[in-house]
Every structure is written in C-alpha cells, then in structure tokens.
J.: 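Pasting a structure below so you can have a look.
In what follows, chains are A, B, ... by sequence order, proteins preceding strands, each numbered from 1. From a predicted model like this one, the values you see are computed outputs, not experimental measurements. These values consider heavy atoms only, across backbone and side chains, with no hydrogens, waters or symmetry-generated copies.
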Amino acid sequence: MSNLIDSAKQQLISLVEDAMRSAVAANELPQAETPAPAAEIPKDPSMGDFATGYAMACARALKMQPRKIAEILCAHIQNAISTASAAVIYFCGVDVAGAGYLNFRLSDAWYQNVLRDIETESDRYGYIDEGNGRRVMVEFVSANPTGTMTIGNARGGVLGDTLAAVLERAGFDVWREFYVNDAGNQVNLFGKSMRVRYIQLLRGEDAIEMPEGSYMGEDIKALAAEYRELYGESDDALSEDELVEKMIAFGLDRNIDRMRRDLERYRIKYDRWFRETELHESGYVDDTMRLLTERGHTYEKDGALWFRATDFGCEKDEVMRKSSGYYTYYAVDIAYHRDKFEKRGFDRVIDVLGADHHGHTLRFKSAMSAIGIDPDRLEFALMQLVHLLRGGEAVRMSKRTGRAITLADLLDEVPVDAARFFFNLQKPDTHLEFDMDLAIRSDSESPVYYVQYAHARICSLALMLESESVTVPAAGDVNISALDSPLERELIKALAQYPEEIRQAARQLDPSRINRYLVDLATRFHRFYTANRIKGSDPDVMRARLKLADSVRSVLCCGLTLLGISAPPKM
RNA sequence: GCGCCCGUAGCUCAACGGAUAGGGCAUGUGCUUCCGGAGCACAGGGUUGGGGGUUCGAAUCCCUCCGGGCGUGCCA
C-alpha cells in the first residue's frame, strides 16, 4: 500500500508550508493569501529529484522577486531537514535554481525504502487504497451477438480488461460484465437472415431471395449449415415465425459461445454475461418506464412514448417505446443501468465504448438523473476506432459484408502477448493504426518483447549467480550508497513510480500508461545493465546491484501480470 | 448547420500549466576476449496546423480560422 513518490511529494509540500509559516513568523516574508504549493518531478534530474515553482507562484501575492522568496524559504527548509530524524526525512538537500525553483534531493532513506517496499509487498506491490473497496463495474466489449467480434473489439477488450485490472490494484472491488443484446430488431433480422440461408441450402439459391438489409456475411451461411446438420431438413415445414425463433436461439447460443471462447483465448474472463432478455422478462423495463413516467419525464406523441431528454440538456427528446409497442435500445439500456446501480448496488459504473457511441454519454447521464441516480456515478471510457491496414491498404470493417478481420483471425496470426500489448500502447482517445503485416512479423520488433527480454535477462542473471552461491540480499542488508550513479538512482526512482502510475491510470481511466511505464522501466534497466557489471564487482556493490536488478524483475512481473501478459524467465 | 474527439520530427506516439518539447520506428556512425547484442552509446532531424488572448510561464486553458475522424434514426 505504499506510494513513495506521493509520500515524498506530500513531505515536500509540508516542508514548504512550514517554511512559509516560519518565514512569516520571523517577518522575513509578508502575510498574504498564497496559492497551495505543488510538487513536480523535473525532466532533467540534474535539477533535483523533486521541485516546486511555489516561490514563482507566490511572487504576485507577496510583491517580491521569486528568487528572493525562494532563498528565504530555502533557508528554513534546510534548517528543517538538518534537524529532522534521518529515518523519516526523504530529502537530504534543497537549493534554489533558475528564476526561483526550489530543487530537492532525495535521501538514502528514501531509496532504501523503495527497495524495501518492493521486497515486502512482492507481487502486491503497486496496490494502493484509492478505491477503499468501493464497488465498480466495468462493462466492455458487449459486442452484438448477431455477428463476430472485430479488431475494434480487440482494442475494447484489452482496454476494459486492463482498466479493470488497474482499478483492482487501486483498491476498488471490480466486476467485469458483458452485456448481451439478445433481443430487438437486429436479433430478429439475424434470425430471418439465417432462415433464408437455411431454406436456400435446402431448395437452392434461387428458391428465396435475401430481403433488403439482411445480414449477408458468410458467418450466417455457416450457422445455417450447422443448423441443418443438427436439426436436419424437416424444419422447412415450420412456420416462418417458429423457424425464425428457433434459429435465433440456436444462432445466439453458437455466437455467444464462440465469443466467450475467443475472449478467453484473449485472456479475458467476465464475472457475468448479462442477457438483455432478462430485463424484458422480469418486467424491469416496464417498471423503469413507469418510474420515468411517474417522475414526469415522459409524454406520448404519435403513438410513441417519449423521454423529455431536453429537460436535461440533450438536443432533443428520445423515443422510449415505439408506436409498434417495442422498446428502443435506449429504453432497455436505461433499465439495464438502473439495474446496475439500484438492484446490484455498484457505486460506480464504467462503460467502455467506441468513440462512435460518444453521443450516448449525455443521453445516458440524463436518463440517470431522470430516474434519481447521480449521473456522476456513470462514467465512460471512450476509445477511438482502429484503422486496420493490410498490405498498406485500409480494410473496411462491416458485419454485413463479412469482410472484416475478426478477433479470432487476429489471434490466429498474432501472439496474445503482442496483441494485448499493442492494442493498449496508446491513449484510448487516439486513433490506432493496426498494421496486420507488421503485427504478424512483430516477433522481435514489438515493444512487448523488449519488456519481456529485460525480465528474462534478470532471471537468467539471478540463476547464474545463484549457481555461484550468490543470492539476492534482503533490502535491509543492501548498502544503498553503493548504488550512487545517476543511472542507478534513476532506476530506483522509476521503480517507485509504479504505484503512482496505477493511481494515475485509475484516475484517468487510461491503463495504457502502464504499458508505456514498463517500456520506460525496461529502457532504464537495459541502460543500467549495460553500464554496470554485477558479477565480479566488489561484493558490496555486486549485492546491491543484484538487489536492484531483482527489484526491477519483480516490478516488471507485476506490470506484465496486470496487463495479462506473460513474464517468461527465458525467451 | 450543431455537438464530441484529434492535429507535436519522414512515420507512429509521449509530455501534473513549468526549466533546453521527448521515446520508438526509419536514416547515419560506433560498442561483444566479460552477467542474454531480442541490448547499449552517439548523431541528424521541430515556427507543437495558422492567428489572436489569459499569466511570472502555454503543446496544454479561452476565442477564431484551417484540416481529419465520429455523432446528430420510432437502428443498436
């Protein structure tokens, strides 16, 4: 449960605040309303491990030169540092730089604590208690069961799954859910399309035409063929409605089963596959519409039931129940989200959606307000769509044409480790270009191998030293001053950054931070490892460096595990 | 038309409002009697789409224009 980056920042802020009070008390600085100090990490470590531009921020309020303010504060902080107990103070020095920056140097105690935390927390390192056990549901993929999953679902799957993993480590009680749209127009069309293909199989292509708007994909033909194999040819005698209904049940079961298998292959497992039909059958949609009406948020027009969405800032009102008597997807989704919050008691709900659904966000929040649920409890992780390239050309994705590259195709060609890493390398709100050809030959090029290689390298080093009776020492036995080069200090700081990355990833709903962090950590390790011999060094130095390397191994393993990627000891 | 997202090196992406805007790929030059060369070091590459504004300080916030993506259904 440690976060030494954050602890150091807090301590820095306290030191600055105390110094401010002391300086005012000593009449060195005037009493004034000043902004709260903020700690930052300079890009260039030669400017300190931590810094604050507080003196600059105060210049206007104090009507003094920032540099002068900084010098006064600096003297008080130096005094505080020198009189504090070495065991609890994270800084060993502070100085004034530039226009008025206060630059802080970390103490040996801080560095030693980093290694100690990684050792004691082991595979739980990076777990923080930001969530305090609050229950959060992450709903993701939720692909339409009338078709196959696409490359876009490959990105959404990794985003949702790793976001859930990040939230777990941030201290939330996390639930993964897949919403199955197994009712409505699309499903009906799906059944009708299958029926026509089935009849064509029995009586020939010319016997019956695919109606306008049908699902034209090969997958529908394949399902019809499977159906024929299972049930024979006698179902030709059923009425159209009977046959369609039977085919829907059959087709959905097949497709959902396939999705489940493909996702498991992709290392994604859900706590629940929630069926839309359940909301209809239990009467919960009716009940939710009744609630909406009771609260005065609906009206009838042209034979349809409308939701007064404009009362909540939407552009226009929305149909809840069509004049045909059927509910719209939107009405059902309102009931579904009410179920998440009211029936099942989740504190937060995060929906992972493709950016083409961004128009939903305000509508959903409005509906939550309308039924008395705080809309801030519902959040959206929007993900830009994937542009798939093959042979240098864009591949269009369409369920209807069946020309799309599916998730299953992807997994046939690209190793799961690489796919999971690649799709989560960029922030969700950037368009992602996925070059199939590049991914396939990515064995040695993908950044995932770079990270795994660092891990494997350390494992084999430890193994080799062990054969010479050199084992990894305990953190308390490490002479931290033996790790005094900039590369080593930077590497330890990078290790300390991991819990902070989890926190930021959880706050920003951006798990791709972890991927970039791991690449950065691996880079720092490779640099350190190239520059510093371990085997054959002075025993004190060797043991300290070995401990450092082993700490890197441990954190790389934590991060890769979080991402659902293997951390092999050999490659 | 209106709304949301994006525009950073040849390509692809980073950068709590902070100091000289960084990494990867690609290009060029080097590094192995020694712990894994799937690695490392160095180099070239930029008016952060244009123009205003806010302030000690802007890739970041505000306005405006340009360019791209996506929405804007009694589809889901």
J.: Starting at atom CD of A/E276, determine the distance to atom C1' of B/A76, rounded to an integer number of angstrom.
T.: 9 Å
J.: Would you indicate which nucleotide in B/A15, B/C35, B/G3 comes nearest to any side-chain atom of A/K427?
T.: B/A15
J.: Just checking A/R60: base, sugar-phosphate only, or nothing, at a heavy-atom cut-off of under 4.0 Å?
T.: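 Answer is sugar-phosphate: A/R60 comes under 4.0 Å of backbone atoms only.
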J.: Give a yes or no on whether a salt bridge exists between A/E488 and A/R545, defined as a side-chain N under 4.0 angstrom from a carboxylate O.
T.: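 A salt bridge links A/E488 with A/R545.
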J.: Check the distance between B/C56's C1' and A/M56's CE and give it to me in whole angstrom.
T.: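 Going from CE in A/M56 over to C1' in B/C56 covers 7 Å.
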J.: Using the side-chain heavy atoms of A/Y453, tell me which of these nucleotides is nearest: B/C35, B/A38, B/A19.
T.: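 That would be B/A38.
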J.: With RNA chain B as reference, determine whether A/K43 or A/N185 sits nearer its 5' end, using the nearest nucleotide of each.
T.: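 The answer here is A/K43.
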J.: Select one nucleotide: of B/G36, B/G3, B/A76, the one nearest the side-chain heavy atoms of A/H360.
T.: B/A76
J.: Can you tell me which nucleotide in B/G36, B/A14, B/C40 comes closest to the side chain of A/T430?
T.: B/A14
J.: Considering only heavy atoms and no angle criterion, is a donor-acceptor pair shorter than 3.5 Å present between the side chain of A/T530 and the base of B/G39?
T.: no
J.: Rounded to whole angstrom units, what separation is found between the CZ atom of A/R516 and the P atom of B/G23?
T.: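 Atom-to-atom, A/R516 to B/G23, this comes out as 15 Å.
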J.: What is the distance, to the nearest angstrom, from the CD1 atom on A/I69 to the P atom on B/C56?
T.: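 Distance check: A/I69 CD1 to B/C56 P gives 12 Å.
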J.: Considering only NZ, NE, NH1 and NH2 on the basic side and carboxylate oxygens on the acidic side, decide whether A/D510 and A/K427 come within less than 4.0 Å.
T.: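 Not counted as a salt bridge, because no side-chain N and carboxylate O are separated by less than 4.0 Å.
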J.: Distance criterion of 3.5 Å, no angle test: do you see the side chain of A/Y329 paired donor-to-acceptor with the base of B/A76?
T.: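 Side chain to base: pair present.
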J.: Starting from P on B/A14, measure out to CG on A/L518 and report it in whole angstrom.
T.: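 It is 16 Å, rounded to the nearest whole Å.
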J.: Of the nucleotides B/A19, B/A76, B/C2, which has the atom closest to the A/A51 side chain?
T.: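 So the nucleotide nearest the side chain must be B/A19.
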J.: Give A/P66 one of three labels, base, sugar-phosphate or nothing, depending on what nucleic acid heavy atoms sit under 4.0 Å from its own.
T.: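 Counting heavy atoms under 4.0 Å across all strands, no contact is made by A/P66.
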J.: Starting from P on B/A14, measure out to CG on A/L432 and report it in whole angstrom.
T.: 10 Å
J.: Take atom NE2 of A/H280 and atom C1' of B/A76, then tell me their distance rounded to the nearest Å.
T.: 12 Å
J.: Nearest to the A/H358 side chain among B/C4, B/G36, B/A38, which nucleotide is it?
T.: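 That would be B/C4.
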J.: Look at the side chain of A/K316 and decide which nucleotide, out of B/C56, B/G39, B/U72, has an atom nearest to it.
T.: B/U72
J.: Would you say the base of B/A38 and the side-chain of A/H526 have a donor-acceptor pair closer than 3.5 Å?
T.: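 Side chain to base: no pair present.
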J.: Answer with base, sugar-phosphate or nothing: what part of the nucleic acid does A/Q426 contact at a heavy-atom distance below 4.0 Å?
T.: sugar-phosphate
J.: Quote, to the nearest angstrom, the C1' distance that separates B/G51 from B/U47.
T.: 13 Å
J.: Between B/A41, B/G39, B/C74, which one does the side chain of A/R457 approach most closely?
T.: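 Given the options B/A41, B/G39, B/C74, the side chain of A/R457 is closest to B/G39.
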J.: Would you mind checking if A/D6 and A/K9 are paired as a salt bridge, meaning a charged N to carboxylate O distance below 4.0 Å?
T.: no
J.: Just the rounded figure in Å: distance from C1' of B/G69 to CG of A/D429.
T.: 13 Å
J.: Go nucleotide by nucleotide along RNA chain B from the 5' end; which of A/L382 and A/F528 gets its closest nucleotide reached first?
T.: A/L382
J.: Under a 3.5 Å cut-off for both distances, is B/C34 Watson-Crick or wobble paired, and to whom?
T.: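 Check on B/C34: unpaired, no WC or wobble geometry under 3.5 Å.
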J.: Looking at the base of B/A19, is there any donor atom on it, or on the side chain of A/N103, that sits under 3.5 Å from an acceptor on the other one?
T.: yes
